[in-house]
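What follows is one structure encoded as structure tokens, with my remarks underneath.
Numbers here are sequence positions counted from 1. Counting starts at 1 for both ligands and their atoms, in listed order. What you are looking at is a predicted structure, and each value in this text was computed from that prediction instead of being measured.
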Amino acid sequence: MTTIPVILDVDTGVDDALAILFAVAHPDIEVLGISCVAGNASLERVVDNTLRILDTIDAPDIPVAAGARRPLIEPARDASHVHGEGGLGTLRLPPSERTAVPVSSVELMHSLLQDSARPVTLVALAPQTNLALLLRQYPDIASKIERIVFMGGSASVGNATAVAEFNVWHDPEAAAIVLDSGVPTYMYGLDVFNRVAVDEATATALLSHETLVGRTVGSLLTNRVFAGTDAETHHSGLIGDAGAVCALVDPGALYTEIRPVRVELAGYGRGQTLVDMRSRPGEDAMHGTADVWETAEIALDVDASRLATLFLDTLGLA
Ligand code: RIB
Ligand code: CA
């Protein structure tokens, strides 16, 4: 199989770290570069976490750039209650000798896209601020993008709010710009994100794995997510963002539909991805009051154990 050239956009984060490890390890994925954005943690922490994670898998010299330190409109609002103050849960890694490139994420993505002989897949695993800025500053670059595969949104439940998923909630305008850009998009939302997990026994056993990658993955998978205000914790074992990267190499493990989708920008539903699941037009269309929505490929179901096994197998941990 020919490799898939990708650029990752991350807010490393526990599950972004899992995604980076998988993307670097999989033989059919060529990571051209990594773009960082504030989200789970501050921009500085995201960049530093990304560099340290690349060290744990002895990754090649992949360019890493710092991007937006806040969303387009609102201030940054981190997810430290899930990812910990440092962004990697309880995982502690040594400082990296690697450094970020001296250009912004937009400039790195733009140059990588321009220089690539083949269209590139953008894999957005974070608030989409950097992608929105890229598409606004260089609209013609869209022709060099194969598609945008993003972890974000939901056709059902939220997490940041009752209806909105964190990445889209953090920067709804950015997500709307991306979805309305005309670039083919694939939404790996909470409908599948919340289901792909590694069981507690397997994850715990990895904590004493013979390899640094194994112990790192074990620590990330056993990160305790605060279930509620009483600080109760539970094992989730979710591979999170890594599932969106797994979908690149095993699309058959997911069931998708092409559906109209839009981002709600106002009211309590701000940040919600509204997915139109109707089988026929409604009265709004009949009476000429319907807006035209862009479509996206929406992941609605997943063979969760197949994707979790792919993740562990690829890292030599199954
Ligand atoms: O809602 C989950 C998403 O928000 C994941 O990408 C996680 O890393 C956070 O960025
Ligand atoms: Ca993320």
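Sorted by chain then number, the residues whose non-hydrogen atoms approach ligand 1 to under 4.0 Å are D11, D15, D16, N40, H83, L125, M151, N159, E165, F166, N167, F193, D241.
Of the charged side-chain nitrogens involved, at least one lies within less than 4.0 Å of a carboxylate oxygen, so that R224 and E200 count as a salt-bridged pair. With salt bridges taken as basic N to acidic carboxylate O contacts below 4.0 Å, one links D291 and R262. Taking the charged nitrogens against the carboxylate oxygens, E74 and R270 do have a contact shorter than 4.0 Å, which makes a salt bridge.
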Anything under 3.5 Å between a donor and an acceptor, one on a side chain of residues 31-40, the other on a protein residue two or more places apart or in another chain? List them.
| unit_1 | atom_1 | unit_2 | atom_2 | d |
| --- | --- | --- | --- | --- |
| S35 | OG | D9 | OD1 | 2.4 |
| S35 | OG | S105 | OG | 3.0 |
| S35 | OG | N130 | ND2 | 3.1 |
| N40 | OD1 | H83 | NE2 | 3.1 |
| N40 | ND2 | D11 | O | 2.9 |
| N40 | ND2 | D11 | OD1 | 3.2 |
| N40 | ND2 | D11 | OD2 | 3.2 |
| N40 | ND2 | D16 | OD1 | 3.1 |

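The shortest non-hydrogen separation linking L21 to I57 is O-CD1, 3.5 Å. Counting all heavy atoms, side chain and backbone alike, A59 lies closest to V24 at CB-CG1, 3.9 Å.
Evaluated for a side-chain contact (heavy atoms from CB on, under 4.5 Å) with V261, the options T295, D276, T185, V275 yield exactly one hit, V275.
Here D16 reaches the Ca ion (ligand 2): one of its N/O/S atoms is less than 3.0 Å from the metal. Among the atoms of L125, an N, O or S atom falls under 3.0 Å of the Ca ion (ligand 2).
Residue-level check: among N/O/S atoms of D11, OD1 sits closest to the Ca ion (ligand 2). Taking the Ca ion (ligand 2) as reference, D241 places its N/O/S atom OD2 nearest.
For the pair R259 and W293, the cation-pi criterion (under 6.0 Å, within 45° of the ring axis) is not fulfilled.
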